[in-house]
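Worksheet: the structure to be examined is printed underneath.
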Amino acid sequence: MAQPLTVTPGNPIHLADFDPEYTGNYADKDSARQELEKNLDRLQELQEVLWAEGKHSLLIVLQAMDAGGKDGTIKHVFRGVNPQGCQVTSFKVPTEEERDHDFLWRVHKAVPRRGTIGIFNRSHYEDVLVVRVENLAPEAVWSRRYEQINNFEKLLAETGTTIVKFYLHMSKDEQKKQFEERLQDPHKVWKFSMGDLEKRELWDSYMQAYEDAINRCSTPWASWTIVPANHKWYRNLVVSQTLVQALEKLDMRYPEPPPGVDEIVIP
Ligand code: AMP
Ligand code: MG
């Protein structure tokens, strides 16, 4: 079984080769805790310099099947991040106004401004996932979108946005467990919708659509990372680690102090 992986262009993957149960060298949550805390501290430091320097932005795309852990990832991985420099956008069924524009219109409006982090809870990828699997648009329309997405992401990357895309890879069995938990917990049952069951029936078609999106839209400027997601603690570890690495590559610096600042005496 393959390990968590950042997909490289020209090396197509098969999702079935990835074990959603994988937890690397960690036996359990406790053994990974220290590493996770270290990553979260580092993420906090990196966000501060991202903001201070004001040159780059970070766009995080989160995609998964229902109950796959998008909300949980946001809640846990970003708990140390300053809300002033971070914006979450959850993409739902497009509104009438959104449908009257190209599919990237609502997405482009939500990309993070310089110095900030933008988190997409679902994204423009829905337009080659749910739209494809549930025939919401003809193939002639959605099949052109892979290239349109790549071009769009290239524009963002060339203008200062670092793009990190995560597919949270959960097994069908684990989804059943998560749904059952939701149904039994009065504080979670609101999250369940009947539509989730229809999507579950289409599981294999969704896997095919995910595989194609990952393979066709892993580019030198915006790659996908496949995250084993059956164990939430390992998922959080992989996501936090990947983000720290992406931000460290930017080699960001605090701005130089203005000239004469060392002579200033506050009266
Ligand atoms: P949730 O994430 O549970 O709040 O559900 C949001 C719903 O919106 C999901 O069922 C998505 O598949 C759906 N959705 C998001 N984007 C699109 C889109 N571009 N076209 C159709 N449905 C979408
Ligand atoms: Mg839902």
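On a predicted model such as this, the values are computed, not experimentally measured, just so you know. Atoms within a ligand are numbered from 1 in the order they appear, just like the ligands themselves.
Given atom 5 (O) of ligand 1, the protein heavy atom at minimum distance is R122 NE, 3.7 Å. For atom 12 (O) of ligand 1, the nearest non-hydrogen atom of the protein is E126 OE1, 3.1 Å. Looking only at heavy atoms of the protein, atom 22 (N) of ligand 1 is closest to V130 CG1, 3.6 Å. Among all protein heavy atoms, the one lying closest to atom 4 (O) of ligand 1 is K92 NZ, 2.4 Å. In this structure, atom 10 (O) of ligand 1 lies nearest to the protein heavy atom K199 NZ, 3.0 Å.
Applying the side-chain hydrogen bond (donor to acceptor under 3.5 Å, both in side chains) test between R106 and each of H101, E98, H124 identifies E98 as the sole match. Each of K176, Q184, K177 was compared with E180 under the side-chain hydrogen bond (donor to acceptor under 3.5 Å, both in side chains) criterion, and only K176 meets it.
K199 forms no cation-pi arrangement with W203, by the criterion of a distance under 6.0 Å to the ring centre and an angle within 45° of the ring axis. A cation-pi arrangement is found for K154 relative to W221, the charged atom lying closer than 6.0 Å to the ring centre and inside a 45° cone about the ring normal.
For Y210 and W224, the gap between ring centers reaches or exceeds 6.0 Å.
Ligand 1 has a nitrogen or oxygen under 3.5 angstrom from a nitrogen or oxygen of V93. Checked against a 3.5 angstrom limit, the closest N/O atoms of K70 and ligand 1 fall outside it.
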**OP:** Applying side chain to side chain contact (heavy atoms under 4.5 Å, CB included), run through L197 and E201 and close with a yes or a no.
**Re:** CA-CA 6 Å; L197 286 184; E201 271 182 41; 5.8 Å; no
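Annotation for ligand 1: atoms under 4.0 Å from non-hydrogen atoms of F91 are 15 (C). Residue contact check: D127 has heavy atoms under 4.0 Å from atoms 19 (N) of ligand 1.
When all heavy atoms of G72 and N236 are compared, the closest pair comes out as O-OD1, 4.5 Å. Here the closest heavy-atom approach between residue S240 and residue L36 is recorded as OG-CD1, 3.6 Å.
In V131, the part holding a heavy atom less than 4.0 Å from any atom of ligand 1 is the side chain. Contacts between P94 and ligand 1 below 4.0 angstrom, taking non-hydrogen atoms only, involve the side chain exclusively.
In this structure, R106 counts as a contact residue of ligand 1, since one of its heavy atoms falls inside 4.0 Å of the ligand.
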